[in-house]
Amino acid sequence: MLLDGTKKMIEALLFIKGEEGLSIEFVSNFMDLEQHEAENILNIFTEEYNKNDSYLVVKNFGATYKLLVEDKVYDKIKHVISSKNLVKLSKASIETLAIIAYNQPITKVKIDKIRGVSSDSIIHSLIAKELIVSNKTLDTIGKPKLYETTDLFLDVFGLESLDKLPKSNVLDNNELNNFLEN
């Protein structure tokens, strides 16, 4: 159980951070804690907060925690609100994003080989939309970039972690596209 002051501070930070969410790293720095301590506090806060009878819930998207409207309430009013996280993606972008999500970290050469066409512009578009990043390189000749999905990818597709992706061997392309488009 967390102290009331800690609960109130985390709730205020979640509100202030809004769509950006509250990262473990931010809480660690803000409260001068080790990252594992900050994560533990956020997990306890999330569990305790979500026990309340409220239309607001805290959800974890990777290493980011967000204060959101409960799904059933949001579904009732979603026709009135719009979210900039509802990114419009072409079928080619969805295909490329799925390839990266299921095979990360992955090089552009492997992405192109799986797709059978060049993915240059799509990769640049996905990076610009902050759905993928390339912070690492493969330790081989030429040091090719490795692409991975971001926490925003998890947020946009409503996933807590990559473990929540549908099993790729169970889905055909239509099922995968339907999942990623919804």
Side-chain angles (χ1 to χ4, degrees), residues 1-74 78 81-87 89 96-108 123-139 143-167 179-180:
M1 185 139 178
L2 297 177
L3 297 173
D4 278 344
T6 302
K7 287 181 191 177
K8 289 177 182 177
M9 181 60 68
I10 292 172
E11 185 177 37
L13 288 170
L14 281 165
F15 181 78
I16 290 168
K17 292 295 245 172
E19 279 188 33
E20 178 185 345
L22 192 55
S23 71
I24 294 168
E25 182 180 1
F26 180 86
V27 172
S28 173
N29 291 333
F30 185 83
M31 299 178 92
D32 196 26
L33 300 168
E34 295 291 324
Q35 286 206 4
H36 70 277
E37 293 172 313
E39 182 176 16
N40 189 41
I41 285 174
L42 285 167
N43 287 334
I44 291 169
F45 174 83
T46 299
E47 185 179 323
E48 290 179 6
Y49 192 89
N50 290 343
K51 287 180 183 177
N52 294 332
D53 185 27
S54 171
Y55 288 139
L56 298 176
V57 293
V58 176
K59 287 193 177 181
N60 176 356
F61 299 96
T64 304
Y65 294 73
K66 294 186 176 195
L67 183 63
L68 304 170
V69 175
E70 189 178 54
D71 287 340
K72 65 184 177 187
V73 174
Y74 178 77
K78 72 180 176 182
I81 61 174
S82 65
S83 170
K84 66 180 175 182
N85 285 342
L86 298 176
V87 179
L89 297 173
T96 304
L97 192 53
I99 290 168
I100 294 168
Y102 281 99
N103 297 286
Q104 63 188 303
I106 186 171
T107 64
K108 183 191 161 315
I123 288 173
H124 290 297
S125 171
L126 293 173
I127 289 171
K129 290 177 177 155
E130 298 179 7
L131 294 172
I132 63 170
V133 292
S134 175
N135 295 332
K136 301 174 187 171
T137 59
L138 193 60
D139 195 19
K143 303 261 185 204
K145 292 180 179 182
L146 291 170
Y147 296 94
E148 300 176 291
T149 57
T150 63
D151 286 345
L152 180 60
F153 166 83
L154 296 174
D155 187 13
V156 167
F157 293 105
L159 300 168
E160 291 180 17
S161 70
L162 291 171
D163 297 336
K164 301 294 183 183
L165 278 170
K167 300 298 177 223
F179 172 76
L180 290 174

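When a residue number appears, it is its place in the shown sequence, counting from 1.
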> What residues, two or more places apart in sequence or in another chain, satisfy ring pair (Phe, Tyr, Trp, His ring centres under 6.0 Å) together with F26?
Replying inline: F30
> Does M9 reach the side chain of T6, with side-chain heavy atoms less than 4.5 Å apart?
Replying inline: no
> Which heavy atom of A63 sits nearest a heavy atom of D151, and at what distance?
Replying inline: N-OD2, 3.6 Å
> For N29, what residues pass the side-chain hydrogen bond (donor to acceptor under 3.5 Å, both in side chains) criterion, not counting sequence neighbours?
Replying inline: none
> For I127, what residues pass the side-chain contact (heavy atoms from CB on, under 4.5 Å) criterion, not counting sequence neighbours?
Replying inline: I123, I132, Y147
>> Distance check, rounded to the nearest 0.5 Å: L89 atom CG versus F157 atom CZ?
In response: 5.5 Å
>> Let me confirm one number: the OG1-CD1 distance from T46 to I41, rounded to the nearest 0.5 Å.
In response: 11.5 Å
> Should L42 and N60 count as side-chain neighbours, where that means a heavy-atom distance under 4.5 Å?
Replying inline: no
> Where do F153 and L159 come nearest, in terms of heavy atoms and distance?
Replying inline: CE2-CD1, 4.1 Å
> When rounded to the nearest 0.5 angstrom, what distance separates CD in E11 from CG in D4?
Replying inline: 11.0 Å
> What's the verdict on side-chain contact (heavy atoms from CB on, under 4.5 Å) for V27 and I10, showing C-alpha distance, side-chain angles and the deciding distance?
Replying inline: CA-CA 8 Å; V27 172; I10 292 172; 5.5 Å; no
> Which atom names give the shortest non-hydrogen contact between S134 and K145, and what distance separates them?
Replying inline: OG-CB, 3.0 Å
> Can you tell me how far the OG1 atom of T64 sits from the CD atom of E25, to the nearest 0.5 Å?
Replying inline: 10.0 Å
>> Applying side-chain hydrogen bond (donor to acceptor under 3.5 Å, both in side chains), can you list everything that pairs with E70, at least two apart in sequence or on another chain?
In response: none
> Can you name the residues that form a side-chain contact (heavy atoms from CB on, under 4.5 Å) with N40, not counting sequence neighbours?
Replying inline: I44
> Closest heavy-atom contact between Y65 and L14?
Replying inline: O-CD2, 3.4 Å
>> Checking the side chain of K7 only, and the main-chain atoms of F45 only, is there a donor and an acceptor separated by less than 3.5 Å?
In response: no
>> Suppose we screen for side-chain contact (heavy atoms from CB on, under 4.5 Å). Which residues come up paired with K143, at least two apart in sequence or across chains?
In response: T137, D139
> Can you name the residues that form a salt bridge (Lys or Arg N to Asp or Glu O under 4.0 Å) with K136, not counting sequence neighbours?
Replying inline: E148
>> For the CG atom of L67 and the CG atom of L13, what is their distance to the nearest 0.5 Å?
In response: 11.5 Å
> Near E37 CD, under 6.0 Å, is it more than 12 heavy atoms from other residues, nucleotides or ligands?
Replying inline: yes
>> My understanding is that only residues two or more places apart in sequence, or in another chain, count here; which of them pass salt bridge (Lys or Arg N to Asp or Glu O under 4.0 Å) with K17?
In response: E20
> E130: what forms a side-chain contact (heavy atoms from CB on, under 4.5 Å) with it, not counting sequence neighbours?
Replying inline: L152
>> Run L68 and L56 through side-chain contact (heavy atoms from CB on, under 4.5 Å) and show every step you take.
In response: CA-CA 6 Å; L68 304 170; L56 298 176; over 6 Å; no
> What distance separates N50 CG from E48 CD, expressed to the nearest 0.5 Å?
Replying inline: 10.5 Å
>> The criterion is side-chain hydrogen bond (donor to acceptor under 3.5 Å, both in side chains); which residues satisfy it with Q104, sequence neighbours excluded?
In response: T149
> Which residues pass the salt bridge (Lys or Arg N to Asp or Glu O under 4.0 Å) test with K108, sequence neighbours left out?
Replying inline: D112, D120
> Nearest heavy-atom pair of F61 and L154: which atoms, and what distance?
Replying inline: CD2-O, 3.9 Å
